[in-house]
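We're numbering straight along the sequence, starting at 1.
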Amino acid sequence: MRISQITGVFLVFCFFANITPTVAQDTWSLKRCVDYAMEHSITVKQQEVQKRLADLTLQQSRLSMIPGFSGQINAGYSDGRTNDIVTNQYINQSIFNASGQLSMGGDIFNWFSKQNTIAANRLDAESNSFLLQKARNDLAFNVATAFLQILLKTEQVKVNEVQVHQTLSNLDNTKKLVIAGSVPESNQADLEAQLAQDSTNLVTAKNDVILSILQMKAYLNLGFDIAFVPEIPENVSSLPITPLGEMDPEMVYSAALTTYPLVKSDELRIKSADKTFRATRGQLYPALTIGGGLSTGYANNFYDRNMKLVPFGQQIDNTFNKNIGLGLRIPIFNGYQQRTAVSKAKVNVYNMQLNRDLDNQKLRQDIYTAHANAVAALQKYNASATGVMAAQKAYDFATKRFNLGLMNTIDYITTQTRLFKAQIDKVSAQYDYIFKMKLLEFYRDQRISL
């Protein structure tokens, strides 16, 4: 047996050895994939953490409006020579003393600095909510893209399987003709070599499916040891797709400005930066504060005129003190630090506006690029569909001529290869067009469906 025969038979054996009877399996629809990804994606969880941190910052800034209260208790013990407060003489004695204090302080007016800080933090929290929505939307689109890739690679496997079966059938028929002496043995060798190539292509296509599933599992944060069987639509052509004529890029961009979470987040960040600027500028002006406190104390060497230790309760009462006051904090000079902070805050507002403009510019460019790609994908699909029909017709004629011995094996294999390539190109073009249209739909509605 020739090497080409051994190779072809071995590859075909490996292929059919991997085929197992179809059993009922737990399948994954696109909706199930998206729902699972939303719950388990590390990227989404990270964005949820950022939103939580922003919420905590907002909560803390709101609570800063409440005056601060603090309490303090001190106690001490000393032993040795010390001055007697009654006789004014140094004596050896042990002294225990204790004191307690409550204090309060807060701002009455600080040129709305705190109110603007609260407003800035509230806008940041809202901005993070839209960033979380963007993370979820992007994840849904990535999952849908991976799902389409799995479907595409699965279709390519089917095309490769048909190619292998066709070559096997032709080889079987050629063997009979060789035995009958109708065609030379070289025809059989050529087909065996073609079978080896077709089998290799099939193995590669099946591996591409595995790689696509691994990509999907990465998006889902799904264990690589867990089986994943996609729920394949019966007819890809029946997938709902908005007509290309209804996807004018400028119209899609206008819709995206109202639905795209990053656009909303950018607008909120500009407003937040403006509030931060106002809060920072407020620190340049005087601030009116209020403060107060209560204090008392006790010592075991505190005697009355009769040289008797004053009782604990009486000492607490005698030393009890109350105070309250207003303060005016006036910034005069601090090395120009505060004015520099105000200038930086103002520049940051402009920087946030530039970020917004840059994001909008990129969004518009991405939409126009996606539209141009969709137009090209549709044209490519139409051309490939025509190419398949022409290649199929040429292959049918070639098969009749080959069976009659009117065409050599090389020319026949070339015709067969052209049909195979045309079929692969059509499948790829079809899925590419679906993907490009789904991308435009995603930009317009921030939703993805198959």
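- Checking Thr174, Asp190, Thr399, Asn187 one by one against Tyr412, the side chain to side chain donor-acceptor pair (under 3.5 Å) holds for a single residue, Thr399.
- Partners of Lys275 under the salt bridge (charged side-chain N to carboxylate O under 4.0 Å, His left out) rule, at least two apart in sequence or in another chain, do not exist in this structure.
- Counted within 6.0 Å of CZ on Phe397, heavy atoms from surrounding residues, nucleotides or ligands total 12 or fewer; the atom is thus considered open.
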With a cut-off of 3.5 Å and sequence neighbours excluded, list every side-chain donor-acceptor pair involving residues 346-360.
residue, atom, partner, partner atom, Å
Arg356, NH1, Glu267, OE1, 3.4
Arg356, NH1, Glu267, OE2, 3.0

Which donor-acceptor pairs under 3.5 Å do side chains of residues 251-263 form with protein atoms, sequence neighbours excluded?
residue, atom, partner, partner atom, Å
Ser254, OG, Glu250, O, 3.0
Thr258, OG1, Ala255, O, 2.7
Thr259, OG1, Ala255, O, 3.2
Thr259, OG1, Arg444, O, 3.2

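- For Phe109 and Phe112, the gap between ring centers is short of 6.0 Å.
- Arg122 and Leu58 make their closest contact through N-CD1, 3.5 Å (heavy atoms, listed as atom of the first residue, atom of the second, distance).
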Quiz item: Could you go step by step and tell me if Leu148 and Ile434 meet the side chain to side chain contact (heavy atoms under 4.5 Å, CB included) rule?
Solution: CA-CA 9 Å; Leu148 279 173; Ile434 293 173; 4.0 Å; yes

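- Shown here is Lys217, whose NZ atom has more than 12 heavy atoms of other residues, nucleotides or ligands within 6.0 Å.
- When the shell of 6.0 Å around CD1 of Ile226 is examined, it contains more than 12 heavy atoms from other residues, nucleotides or ligands.
- With no hydrogens or angles considered, no side-chain donor-acceptor pair links Thr167 and Gln194 at under 3.5 Å.
- A donor-acceptor contact under 3.5 angstrom links the side chains of Ser265 and Ser127, judged on distance only.
- A salt bridge does not link Glu155 with Lys426: none of the charged nitrogens is closer than 4.0 Å to a carboxylate oxygen.
- Side chain to side chain, Asn137 and Gln446 meet the donor-acceptor criterion of an N or O pair below 3.5 Å.
- Side-chain N/O atoms of Asn121 and Ser61 include a donor and acceptor closer than 3.5 Å.
- Under the 3.5 Å distance criterion, the side-chain polar atoms of Gln72 are left unmatched by any main-chain donor or acceptor of Leu102.
- Within a 6.0 Å radius of CD1 in Ile73, no more than 12 heavy atoms belonging to other residues, nucleotides or ligands are found.
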Exercise. Walk me through it: do Tyr285 and Ile330 pass the test side chain to side chain contact (heavy atoms under 4.5 Å, CB included)?
Key: CA-CA 7 Å; Tyr285 302 99; Ile330 303 175; over 6 Å; no

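- Between Asp107 and Lys114, at least one side-chain nitrogen of the basic residue sits less than 4.0 Å from a carboxylate oxygen of the acidic one, meeting the salt-bridge criterion.
- Each of Leu202, Asp198, Thr200 was evaluated against Asn160; a single residue qualifies, Leu202, per the side-chain contact (heavy atoms from CB on, under 4.5 Å) test.
- Between Tyr36 and His40, the ring-plane angle classifies as parallel under the 30° and 60° cut-offs.
- A donor-acceptor contact closer than 3.5 angstrom is absent between the side chains of Ser212 and Gln149.
- Glu192 and Gln188 are linked by a side-chain donor-acceptor pair at a separation below 3.5 angstrom, with hydrogens and angles left out of the test.
- Remark: Phe442 engages Phe141 in a ring-ring contact (aromatic ring centres under 6.0 Å, His included) (not counting sequence neighbours).
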Practice problem: Please assess Lys51 against Glu126 for the test salt bridge (charged side-chain N to carboxylate O under 4.0 Å, His left out), listing each intermediate value before the final yes or no. | Solution: CA-CA 9 Å; Lys51 180 182 182 300; Glu126 293 179 11; over 6 Å; no

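- For the pair Arg32 (side chain) and Thr27 (backbone), a donor-acceptor distance under 3.5 Å is present.
- In this structure, Val164 and Leu195 have side chains that are in contact, with non-hydrogen atoms separated by less than 4.5 Å.
- A donor atom on one side chain and an acceptor atom on the other are not found under 3.5 Å apart for Gln166 and Asn170.
- Every side-chain contact (heavy atoms from CB on, under 4.5 Å) that Gln392 has, sequence neighbours left out, goes to Tyr395, Asp396, Leu419, Gln423.
- Summarising the geometry of Arg269 relative to Asp124, their closest heavy-atom pair is NH1-OD1, 4.0 Å, with the distance given to 0.1 Å.
- Between Asn408 and Asp411, the side chains place a donor N or O and an acceptor N or O closer than 3.5 Å (distance only, hydrogens not considered).
- Between the side chains of Asn221 and Ser41, no donor-acceptor pair is found at a separation under 3.5 Å.
- For the side-chain contact (heavy atoms from CB on, under 4.5 Å) criterion with Phe147, the lone passing option out of Asn142, Leu30, Leu152, Val34 is Leu30.
- In this structure, the side chain of Asp172 does not engage the main chain of Leu168 through any donor-acceptor pair within 3.5 Å.
- In terms of modelled atom types and a separation under 3.5 Å, the side chain of Ser272 and the main chain of Ala120 share a donor-acceptor contact.
- Annotation: side-chain contact (heavy atoms from CB on, under 4.5 Å) contacts of Gln337 (sequence neighbours excluded): Asn334.
- Of all the heavy atoms in Ala279 and Ser113, the pair that sits closest is O-OG, 2.8 Å.
- A distance-only check finds a donor-acceptor pair linking the side chain of His371 to the backbone of Met247 [under 3.5 Å].
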